[in-house]
Q: 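Take a look at the following structure, please.
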Amino acid sequence: MDYNFHEIEKRWQKYWEDNKTFKTPEDLTNPKKCYILDMFPYPSGAGLHVGHPEGYTATDIFSRYKRMKGFNVLHPMGWDAFGLPAEQYAIQTGTHPSITTKNNCDTFRRQIKELGLSYDWDKEINTTDPGYFKWTQWIFIQLYNTWFDDKLQRGRPISELKLPENIAKPGQKEIVKYIDSRRLAYYDDALVWWCPNCRIVCANEEVLNDCSHEKCGNRVEKKNLKQWMLRIPLYAERLLKGIDKLDWPEGIKDMQRNWIGRSTGAEVDFKIEGLNENLTVFTTRPDTLFGATYMVIAPEHPLTDAITTHDNKNSVNDYIKATSLKSDLDRTDLAKEKTGVFTGRYAINPVNKKQIPIWVADYVLTGYGTGAIMAVPAHDNRDFEFAQKFHLPIACIQDPDVSDSEQKKRILEGKECWTEDGKYINSSNKSTGIDINGMNKDAGIAHITKWLETKNLGTAKVNYKLRDWLFSRQRYWGEPFPVIHWEDGEITAMNENELPLELPKLEKYLPGESGESPLSNSTEWLNIADKNGRKGRRETNTMPQWAGSCWYYLRFIDPKNDKMIFDLAKEKYWMPVDLYIGGAEHAVLHLLYSRFWHKVLFDLGIVSTDEPYQRLFNQGMILAFAYETESGSRVSGDLVEEREGKYFHKETGDEMKQIVAKMSKSLKNVVNPDDVTSKYGADSLRLYEMFMGPLDVTKPWDDKGVKGVFGFLGRAFRFLSNPDNITNGEEDGTVLKGLHQVIKKVEGDIENLRFNTAISAMMIFLNLATKKGKVTVDTACIFTKVLAPFAPHMAEELWHLLGHNETLSYEPWPEFNEEFLKEDIFDYPVSFDGKMRFKIELPVNLSKEEIIKIVLADERAKKWIGTATPSNIIVVPNRIVNIVIKN
RNA sequence: GCCCGGAUGGUGGAAUGGUAGACACGCAGGACUUAAAAUCCUGUGGCCAUUACGGCUGUGAGGGUUCAAGUCCCUCUCCGGGUACCA
């Protein structure tokens with residue numbers, strides 16, 4: 001029978017839909033549950049990309065396999081549908097983003113259904129649906145009403161926050177200020193990039209190196225806007241510790257650890273000459289205080305103005321202005337030369353009372369530590385570079401552990417920087433009574449930190465790179481904040497029963513005059529009054545796209561619940577997510593934000609687990625072939641033709657080099673899954689994407705490769721659908737062995753997400769079976785079940801042809817029998833000095849001595865040994881024999 | 001600069017420290033066909049032989065550990081991704 005995939009796939013997709021085959025079980029008593037989650041897509045206007053089905057197929061195989069293993073499976077899909085493109089389309093055409101979004105979701109849903117993915121469509125969610133974002137807003141209110149108890153290391157309701165006496169006395173204003181300073185969500189000024197031409201706030205990535213806006217080319221500037229911020233650093237320690245328990249790729253765990261960036265050190269107070277203020281720095285190397293020869297503060301440091309002396313005001317102000325125009329990329333480029341200006345003022349180094357100058361430089365950032373550093377040029381590369389440029393003193397205080405005497409001399413003279421360990425020198429002072437000379441780094445750090453603490457000059461301190469999360473956007477197409485700004489300055493969160501706060505319909509989607517979002521144009525929506533006539537204004541910022549994706553996995557559990565965020569019993573049953581697959585681009589931001597929200601919800605008793613995603617896997621990007629000329633310029637794919645394995649430019653005739661690059665419109669190398677399914681079918685697309693290589697590596701798409709798996713599916717179908725090939729009675733020994741090998745291999749590979757080798761094992765079995773020409777009904781049924789998670793449409797069809805009336809989606813997964821896998825004979829490779837020379841078949845149960853005896857008696861062994869005497873013979877049972885001759 | 005990956009035939013890739021190149025693509029030859037497509041069969045890392053189911057060589061480069069290294073360790077080169085000069 002021909003492999004008519006069009007007909008087969010259509011029929012079974014309809015069957016699954018009509019019968020709701022993949023409906024999530026309601027029975028919560030089955031102890032075996034598996035929650036399998038994809039990173040839900042942003043439904044872009046371009047439709048599905050071949051990158052989407054890669055992860056979706058992987059989770060689908062896993063889901064189908066787990067159902068056959070008797071698990072209750074939750075496998076949902078939805079849309080992360082707030083976002084910029086729909087808003088920009090609205091600005092251009094006036095089409096409401098909800099219309100664009102709906103159309104895009106319809107396309108995505110159709111395309112996904114055509115891939116035969118076993119989602120429970122009753123669980124579909126959409127982040128732009130008021131029934132969904134009602135609860136996103138609700139979570140925001142929870143964050144707003146939560147503070148972090150440092151002692152207990154957990155979030156607690158704001159009502160449980162005790163007021164210190166000195167706060168309670170002065171009055172209501174002080175109390176509000178104090179409480180606001182402890183909330184996880186707060187409202188404050190923050191700097192953002194602003195394009196005066198487009199009247200719009202720009203993301204970092206939209207700002208080019210020369211500070212121009214990539215869309216219009218005009219110069220952008222920094223602007224202070226009121227923004228909502230989330231205090232994620234309070235959870236830094238919890239987020240860091242939680243990583244250890246997770247079954248995630250080590251590389252991703254490392255990236256999260258580095259992002260949180262815990263470092264231990266000390267805060268040290270420096271007296272400022274002529275000011276009644278201290279300059280506090282954070283340092284990981286308090287041991288190098290004796291080498292601190294100057295200080296640097298960030299241009300934005302709150303004391304910059306006070307510190308700068310009259311004579312230096314102009315140069316410092318000019319410098320601050322210049323810095324504000326630099327892009328982050330510019331400022332953080334290490335290759336760029338260091339810049340800075342002297343403030344005219346000095347601080348006093350607490351360990352030796354020496355006067356050291358205070359400079360302003362943009363290599364010190366205001367967001368990290370205290371925004372000020374003590375500079376130790378002899379032992380820090382950046383400080384060294386800066387000191388050399390501005391001729392600041394360099395004092396070496398460590399005798400370096402180097403053998404090269406020339407290098408040692410240079411370091412001791414302050415002509416080279418030394419950042420490794422060494423015994424301290426020049427590190428004692430009689431008046432302060434401190435002496436660490438002769439000590440090594442660890443002892444030095446401990447000693448000085450203790451000294452600072454006893455003298456009240458500093459404290460041991462843990463610092464994190466993780467910064468407060470800027471949580472608002474000046475956009476229309478996002479979740480409105482459920483808060484009201486009252487005319488008297490009070491900010492209140494809306495009541496739960498007033499949610500959701502929906503977006504108003506607008507005539508125009510252009511942003512407001514002063515950088516406010518388009519929502520500021522909707523006066524009717526914007527202005528409200530309370531029952532006492534107090535006037536208030538709604539928040540015009542909206543939430544970032546992260547908001548909806550931070551918690552969507554929770555809503556999938558109970559998406560239609562309009563009374564609660566979800567049913568608690570259902571949450572308890574399904575959480576945590578057992579397998580989460582998506583792109584590595586979310587390694588830090590989404591996954592960290594989401595863990596943060598989850599931990600807050602856990603602290604508030606809303607969710608039952610401390611972590612949301614137990615097992616995570618990142619799929620690799622799918623690239624495509626592209627072509628470039630000898631000089632390296634890339635050429636659109638439709639201008640290139642292949643002749644005899646080489647590639648030529650259609651117009652110039654030049655030979656082109658085939659390279660691998662990201663799919664892009666400009667290279668015309670985007671592969672559309674619809675084209676593949678119409679030509680080869682969904683099962684072939686699924687199988688190819690899994691057969692291309694390991695799931696986690698980036699790999700190039702090759703249309704020719706689809707033919708390979710298409711051929712395999714065709715052979716399998718033609719062989720198994722032909723009754724002449726299916727027999728009754730006993731199965732042949734080699735076929736039976738091959739069958740149990742493939743069951744075992746596929747099972748292990750699915751558990752470890754190694755689908756490429758699982759597919760190759762199935763190919764090997766099919767090659768074996770077709771060579772034999774006949775298999776029994778049992779064998780055919782078992783192989784069909786093994787194939788089912790990968791090529792579900794064809795498997796259902798074969799299952800039906802083999803005489804079954806029900807779907808095989810819930811048929812028990814076949815069990816392999818070790819008995820059939822046992823070997824009597826092993827073909828030993830015999831190697832000499834590690835090089836394999838010949839093979840010899842031996843019974844598996846021979847002793848090492850017997851094996852040596854037989855091997856040495858073999859003519860081929862005699863030839864290789866010659867006149868030499870083997871010095872050693874290694875026998876690894878059922879693996880190898882190695883005869884050592886040399887020496 | 002720093003962090004995380006990676007480098008194996010013409011191509012995608014396989015290989016618990018134990019036979020390098022499974023499986024597939026491509027290519028070559030053959031069968032079927034008037035022909036082509038489809039399908040099936042055979043071969044296929046390179047070099048030397050082809051009298052031998054012979055030899056030599058081979059996993060980015062160079063060292064090391066080991067009876068044995070694609071795999072472990074060190075140094076280097078190149079490529080991909082991330083990036084916030086983190087004091």
Side-chain angles (χ1 to χ4, degrees), chain A residues 2 204 249-255 257-259 261 263 265 281-285 288 292 296 328-329 331-336 338 361-365 367-376 380-383 385-386 463-467 584-585 587-589 618 620-621 623 625 644-646 658 660 662 688 691-694 696-709 711-712 714-715 718 754 756-764 767 770 827-839 870-876 878-887:
Chain A
D2 266 354
N204 273 343
E250 282 307 318
I252 302 290
K253 287 163 89 167
D254 276 345
M255 282 167 80
R257 288 190 187 103
N258 292 339
W259 192 268
S263 63
V281 302
F282 172 73
T283 176
T284 53
R285 295 289 306 273
T288 60
V296 185
D328 282 6
L329 218 74
R331 199 168 151 176
T332 59
D333 191 343
L334 255 186
K336 290 265 163 69
K338 298 254 177 301
D362 65 6
Y363 79 94
V364 172
L365 302 178
Y368 182 75
T370 62
I373 62 157
M374 61 178 214
V376 184
D380 180 282
N381 286 318
R382 289 153 308 182
D383 298 345
E385 199 189 315
F386 191 84
N463 210 0
Y464 301 94
K465 289 187 205 173
L466 193 62
R467 301 193 294 227
E585 67 271 22
V588 188
L589 298 176
N618 291 110
M621 203 187 315
L623 307 176
F625 292 124
E644 292 163 6
K646 289 181 178 175
Q658 189 182 54
V660 168
K662 279 186 193 175
Y688 174 62
F691 187 60
M692 286 170 83
D696 56 343
V697 305
T698 52
K699 41 210 175 271
W701 181 273
D702 186 359
D703 277 325
K704 288 170 186 158
V706 187
K707 273 169 87 173
V709 292
F712 162 70
R715 277 194 299 280
R718 286 189 297 273
R754 289 149 49 110
N756 54 331
T757 49
I759 293 166
S760 105
M762 290 189 279
M763 289 171 166
I764 291 169
N767 289 345
T770 49
D827 200 12
Y828 274 92
V830 180
S831 59
F832 295 81
D833 293 330
K835 275 198 193 337
M836 203 280 286
R837 294 302 179 181
F838 65 89
K839 287 194 198 171
S871 58
N872 195 5
I873 300 176
I874 313 279
V875 178
V876 184
N878 298 321
R879 189 141 324 254
I880 201 165
V881 176
N882 189 22
I883 299 171
V884 187
I885 295 172
K886 62 180 178 194
N887 298 332

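Chain letters run A, B, ... following the sequence lines, proteins first, then strands; residues in each count from 1.
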Q: Classify the side-chain pair A:Ser831/A:Asn882 by whether it contains a donor and acceptor separated by less than 3.5 Å.
A: yes
Q: I'd like the C1' distance from B:rG9 over to B:rG26, given in whole Å.
A: 12 Å
Q: Go along nucleotides 13-30 of chain B 5' to 3' and tag each nucleotide: B for a protein heavy atom under 4.0 Å from its base, S when only backbone or sugar atoms are that close, - otherwise.
A: SSSB-BB--BBSSS----
Q: In whole Å, I'd like the distance from the CE atom of A:Met621 to the C1' atom of B:rG6.
A: 14 Å
Q: Rounded to whole Å, please give me the gap between OH in A:Tyr464 and P in B:rA87.
A: 14 Å
Q: Would you say the side-chain atoms of A:Asp380 pair up with the backbone N or O of A:Asp383, donor to acceptor, closer than 3.5 Å?
A: yes
Q: With a cut-off of less than 4.0 Å, is there a side-chain N or O of A:Ser263 near OP1 or OP2 of B:rA87?
A: yes
Q: Work out how far the P atom of B:rA20 is from that of B:rC73, and round it to whole angstrom.
A: 22 Å
Q: Which ranges of RNA chain B pair up as stems, where a stem means three or more consecutive Watson-Crick or G-U pairs with both distances under 3.5 Å?
A: B:1-7 with B:77-83, B:10-12 with B:23-25, B:26-31 with B:39-44, B:45-48 with B:54-57, B:60-64 with B:72-76
Q: Side-chain N or O of A:Arg382 versus OP1/OP2 of B:rC86: is the shortest distance under 4.0 Å?
A: yes
Q: Is the shortest side-chain N to carboxylate O distance from A:Lys253 to A:Glu250 below 4.0 Å?
A: yes
Q: Taking the C1' atom of each, how far is B:rA7 from B:rA87, in whole Å?
A: 36 Å
Q: Roughly how many Å apart are B:rA68 and B:rG13, using the P atom of each and rounding to a whole number?
A: 31 Å
Q: When rounded to the nearest Å, what value does the distance between P atoms of B:rC23 and B:rC40 take?
A: 16 Å
Q: Over how many whole Å does the gap from A:Arg837 atom CZ to B:rA68 atom P extend?
A: 14 Å
Q: Quote, to the nearest angstrom, the P distance that separates B:rU44 from B:rC53.
A: 14 Å
Q: Should the pair A:Phe838 and A:Phe832 be assigned to parallel (<30°), tilted (30 to 60°) or perpendicular (>60°) ring geometry?
A: tilted
Q: What integer distance in Å separates A:Phe282:CZ from B:rC86:C1'?
A: 9 Å
Q: I need the CG-C1' distance between A:Asp383 and B:rA87, as an integer number of Å.
A: 7 Å
Q: Is the base of B:rG9 syn or anti, where syn means the angle lies within 90° of 0?
A: syn
Q: A:Ile883 CD1 to B:rC67 C1': how many Å, rounded?
A: 11 Å
Q: In whole Å, what is the span from the CD1 atom of A:Ile873 to the P atom of B:rA68?
A: 15 Å
Q: Using the P atom on both, measure B:rG21 against B:rA14 and round to a whole Å.
A: 15 Å
Q: Rounding to a whole Å, what distance do you find between A:Phe832:CZ and B:rG55:P?
A: 11 Å
Q: Among A:Arg879, A:Arg837, A:Met836, whose side-chain contact (heavy atoms from CB on, under 4.5 Å) with A:Pro829 holds?
A: A:Met836
Q: Which class fits the ring pair A:Tyr368 and A:Phe282: parallel under 30°, tilted 30 to 60°, perpendicular over 60°?
A: perpendicular
